[in-house]
Amino acid sequence: MLNLRFIQENPELVIEKLKKKNFDASEIVGEISELYKKKNEIQSSADQVKAEMNKLSKEIGQLFREGKQAEANVAKERTSVLKDSIKQLDEDFAKIDEQVFELQVQLPNIPCDLVPAGKTPEDNEIVKTGGEMVDLGENKLPHWELASKYDLIDFELGVKLTGAGFPVYKGKGSRLQRALINFFLNEAVEAGYLEIQPPLMVNEDSGFGTGQLPDKEGQMYHVTEDNLYLIPTAEVPVTNLYRDVIVDAKDLPIKNTAYSACFRREAGSYGKDVRGLNRLHQFDKVEVVQVAHPDKSYAILDEMVAHVEGLVQKLGLPYRILRLCGGDMSFTSALTYDFEVYSAAQEKWLEVSSVSNFESFQANRLKLRYRDEQTKKPVVAHTLNGSALALPRIVAALLENNQTADGIKVPEVLVPFCGFDTIN
RNA sequence: GGAGAGAUGGCAGAGUGGUCGAAUGCGGCGGUCUUGAAAACCGUUGAUCUUCACGGAUCCGGGGGUUCGAAUCCCUCUCUCUCCGCCA
């Protein structure tokens, strides 16, 4: 969420910048401004009355100790007016504070200047294309057919056990998954990330901290009995490690990586987008998260993009990197790069990673700060994260792109992890 | 699931109605001493809101109440720990 003071001091800027996200903030910002002024007025009145009350209470205590009962009782009578007034002011304050907060959380993050204008995915900017496109010829099979041909993934069994979108991986299919997870984690650890194994369920506070709640409630599986949410990404528990934390400036950047299963309800998805591995309710992903000094966060974003690029290159997949346009970006992001790999049988690009700088948007919610070395004061940090990588679509592309008449070739980098070089 | 205990500053831990944003210890920071370091000693060390500033207000798990006055008393919720049961 955006800082209140920042909104108050830069209303025009906020409105102008949010236009790029196709968000008309003028009404909300206007209301916030008005309420904020009122809030300050109430607070200053309340503070004054409270100060008087505190003073009076001390005097009464003093009188009692001196045994001046009568004087004390006279003074007591004067407090009742103050008391009522405090109660009223506190109520008004709480109400208006709540109103401001509700408006505040409705404002999306401000996109950074690099973000291209646009409304739909077609407006995203392709910043780089890499890897070799393969020509599979006539007999190419989509990954779901390959998965069934080599008995790697059983979608029907998943339906039997749970429902659509919960595939069962078998044999070399399962081992390939495990190999990818290990490969990705090793690469991240080598790049200096600390490996974390987070809980797969989080509470409401954590959901709020990273921005899933309150708005995207419907995207997460909710265990109502215990009021816990299944994580849609390891970003949620890992970033929330730093909720309500003030870190030393010298500990920045903090680099964490985590493998986790991810759970998404994907309400509203339908059609051929959900075929095979293209869109699942449960999938595996390795995530990288960083907590950064504000001055460094954009350099770090580039570093993270380079890390993810290294992964797809090592896997030998044709890829492209997109800079998301204002209309396609998430609510919380200031700048996002998406990675897509080309799935040669489906003949389409599949999103496999999203790397974002949230600047202080999450950190404001999280109360995640670092202590400035000069001023010794807490300053809100920046947070970033990226998939490195999400497995299903990587698997889809690997199966499709590497298919031959004799079987599916496994990328060399994965062979040490899975123990075979061909699926046949 | 049953029974009990507890939640205080970075950590440990005191505080059962006013002088308590809170003793003390550890840790952190600055200094003295030292060739340097350690030890010792001295000082310092929470956050938020508000104000140009002085200052003021709020915060002892969350919410509510009693009182002139609450970390302290009452109600309620949440969470944690211990023991028993069950169990990977």
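Proteins come first, then strands; the chains are lettered A, B, ... in the order of their sequence lines, and each starts at number 1.
Atom NZ in K58(A) sits roughly 15 Å away from atom C1' in G17(B) (whole-Å rounding). G61(B) atom C1' lies 12 Å from atom CG of D244(A), rounded to whole Å. When rounded to the nearest whole Å, the span between CG of D90(A) and P of G65(B) equals 10 Å. Put simply, NZ on K50(A) is 11 Å from C1' on C49(B), counting in whole angstrom units. Look at CG on L56(A): it is 17 Å from C1' on A57(B), rounded to the nearest Å. Regarding L63(A), its CG atom lies at a distance of 12 Å from the C1' atom of G18(B), rounded to whole Å. Atom CD1 of I246(A) is separated from atom P of C11(B) by 11 Å (rounded to the nearest Å). Atom CG of N203(A) and atom P of U80(B) are 10 Å apart (whole Å).
In summary, D97(A) and K38(A) do not engage in a salt bridge, as defined by a charged side-chain N under 4.0 Å from a carboxylate O. Between E266(A) and R279(A), at least one side-chain nitrogen of the basic residue sits less than 4.0 Å from a carboxylate oxygen of the acidic one, meeting the salt-bridge criterion. Contact check on K19(A) versus E16(A) returns a salt bridge, with a Lys/Arg side-chain nitrogen under 4.0 Å from an Asp/Glu carboxylate oxygen.
C20(B) sits 12 Å from U8(B) when the C1' atoms are compared, rounded to a whole Å. Between the C1' atoms of G17(B) and A22(B), the separation comes to 15 Å (whole Å). C74(B) and G1(B) are spaced 30 Å apart, taking the C1' atom of each and rounding to whole Å. Using atom P as the reference point in both U24(B) and C75(B), the two lie 33 Å apart (nearest Å). Of the P atoms belonging to U67(B) and C29(B), the separation is 49 Å, rounded to the nearest Å. Of the C1' atoms belonging to G28(B) and G46(B), the separation is 13 Å, rounded to the nearest Å. Look at the C1' atom in both A47(B) and A40(B): the space between them is 33 Å, to the nearest Å. Comparing the P positions of C77(B) and A70(B) gives a spacing of 24 Å, expressed to the nearest Å.
Among the nucleotides U51(B), A57(B), C68(B), the one closest to any side-chain atom of I60(A) is C68(B). In the set U58(B), C68(B), U50(B), C68(B) carries the atom at the smallest distance from any side-chain atom of M53(A). Among G69(B), G65(B), A57(B), the nucleotide with an atom closest to any side-chain atom of K87(A) is G65(B). Distance from the side chain of N40(A) is smallest for U51(B) among the nucleotides G69(B), G56(B), U51(B).
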Q: Evaluate the side-chain hydrogen bond (donor to acceptor under 3.5 Å, both in side chains) criterion for residues E303(A) and Q290(A): first the C-alpha distance (whole Å), next the side-chain angles of each, then the deciding distance (0.1 Å), finally the verdict.
A: CA-CA 11 Å; E303(A) 172 206 312; Q290(A) 294 209 39; 3.2 Å; yes
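A donor-acceptor pair under 3.5 Å is absent between the side-chain atoms of S356(A) and the main chain of F358(A), judged by distance alone. S206(A) places no side-chain N or O within 3.5 Å of a backbone atom of V202(A) that could act as its donor or acceptor partner. For the pair T257(A) (side chain) and E287(A) (backbone), a donor-acceptor distance under 3.5 Å is present.
At the phosphate of G28(B), neither OP1 nor OP2 sits under 4.0 Å from any side-chain N or O atom of R371(A). Taking side-chain N and O atoms only, N54(A) has a distance below 4.0 Å to OP1 or OP2 of A57(B). Listed pair K55(A) / C68(B) fails the phosphate criterion, with no side-chain N or O lying under 4.0 Å from OP1 or OP2. OP1 and OP2 of C49(B) both lie 4.0 Å or more from every side-chain N or O belonging to Y36(A). At the phosphate of U51(B), OP1 or OP2 sits under 4.0 Å from a side-chain N or O atom of R5(A).
Taking the six-membered ring where the residue is Trp, the centroids of H281(A) and F263(A) are separated by 6.0 Å or more.
At the heavy-atom level, T79(A) lies under 4.0 Å from the strands shown only through sugar-phosphate atoms. Contacts of A75(A) with the nucleic acid, taken as non-hydrogen atoms under 4.0 Å apart, are absent.
Comparing K76(A) and P378(A) by the nucleotide of RNA chain B that holds the closest heavy atom to each, the one mapping nearer the 5' end is P378(A). Residue whose closest nucleotide on RNA chain B sits further toward the 5' end, between G61(A) and E52(A): G61(A).
Put simply, the side chain of M304(A) reaches to within 4.5 Å of the side chain of V355(A), judged on heavy atoms.
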**Q.** RNA chain B base-pair string [pairs: Watson-Crick or G-U under 3.5 Å; |: paired with another strand]
**A.** ((((((((.[[[..)..(.....]]]((((((.......))))))(((((....))))).[[[[[..)....]]]]])))))))....
